[in-house]
Enquirer: 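Dumping the structure here so I can ask a few things about it.
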Amino acid sequence: MRRYMVAGNWKMNMGPAAGRELAAAVQQKLAGRELGGDVLVCPPYATLPAVAEVAAGQPLLLGAQDCSDQVSGAYTGQISAGMLAEVGCRWVIVGHSERRQFQREGDEDFVAKITRAFDEGLKVIFCYGELLEERKLGRQADVVRDQLKGVLPRLTAADAGNLVLAYEPVWAIGTGETASPEQAQEMHAQSRQLVADIMGYPEAANMRILYGGSCKPSNAEELMGQTDVDGGLIGGASLKSDDFVGIVDGAEAALANT
Ligand code: PEP
């Protein structure tokens, strides 16, 4: 049985003071609860130490939104996976569509970053998903296959336990438009089959595949109730503690129904 994960990607929101307050509010709302999954927040770099103070200990885990593909040295503006581990991160997001779009990152970058993260003991949430134009052309299955095939064969089956996938249709990110539970399930099932083909069967059965794209308290339970949807990567709704915890409640409700 896979544990769900609800991960908040704060993007470039929440400086240290606001971030500490938000994390403390989430932590307080989750305090004392026996959760059936992992709850994670990924603040901007400058906010990580402040949130680490609040998130130290269960249930809230700490992650970063990206990392360098280099170990250290003359890489102005970059942050290494080792530094993230040192400030308390256990997780890092790689391959977010905003990195693909604005930083023009691709498969080579992702493989290098994932490898660096694993070397430093971090676990990785790897994001992928099709654009609106691609869905309109019915190309979503091909796009997702290419994105996963560009990265997964270059990892080892042993890496699978440190990896979570996040299917994020780009047309649903920050748009208020959500994939239907059926659309999400179809893409997640296809992704899991690809993981089986590339990394092996037990790895595929154990791999958590999150959905991301305008997930909110009102749709979380239904989305996460799909067989192959193991939680959510949450952007906008992770910036309000009630909404974020409401999504955790949705994940718990979906778990209770299985
Ligand atoms: C995201 O950017 O990963 C995301 C899912 O954003 P939102 O929840 O705002 O659509």
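First listed ligand is number 1; within each ligand, the first listed atom is number 1.
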Enquirer: Using the side chain to side chain contact (heavy atoms under 4.5 Å, CB included) rule, pick out the option among N9, L40, L163 that qualifies with I125.
Expert: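 Considering N9, L40, L163, a side chain to side chain contact (heavy atoms under 4.5 Å, CB included) with I125 is found only for L40.
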Enquirer: Looking at R116 and D69, is any side-chain nitrogen of the basic one under 4.0 Å from a carboxylate oxygen of the acidic one?
Expert: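 Between R116 and D69 there is no salt bridge, as every charged N stays at least 4.0 Å from the carboxylate O atoms.
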Enquirer: Applying a heavy-atom distance cut-off of 4.0 Å, which protein residues contact ligand 1?
Expert: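 Correct list: K11, H96, E168, A172, I173, G174, G212, G213, S214, L233, I234, G235, G236.
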Enquirer: Can you find a pair of side-chain heavy atoms, one from W91 and one from L122, that are under 4.5 Å apart?
Expert: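 The answer is no, as the side chains (C-beta and beyond) never meet within the 4.5 Å cut-off.
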Enquirer: Looking at E130 and R145, is any side-chain nitrogen of the basic one under 4.0 Å from a carboxylate oxygen of the acidic one?
Expert: no
Enquirer: Any Lys/Arg nitrogen of D107 or K149 sitting under 4.0 Å from an Asp/Glu carboxylate oxygen of the other?
Expert: no
Enquirer: Do the side-chain N and O atoms of Y4 and E252 include a donor-acceptor pair separated by under 3.5 angstrom?
Expert: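 Yes, side-chain donor-acceptor contact under 3.5 Å.
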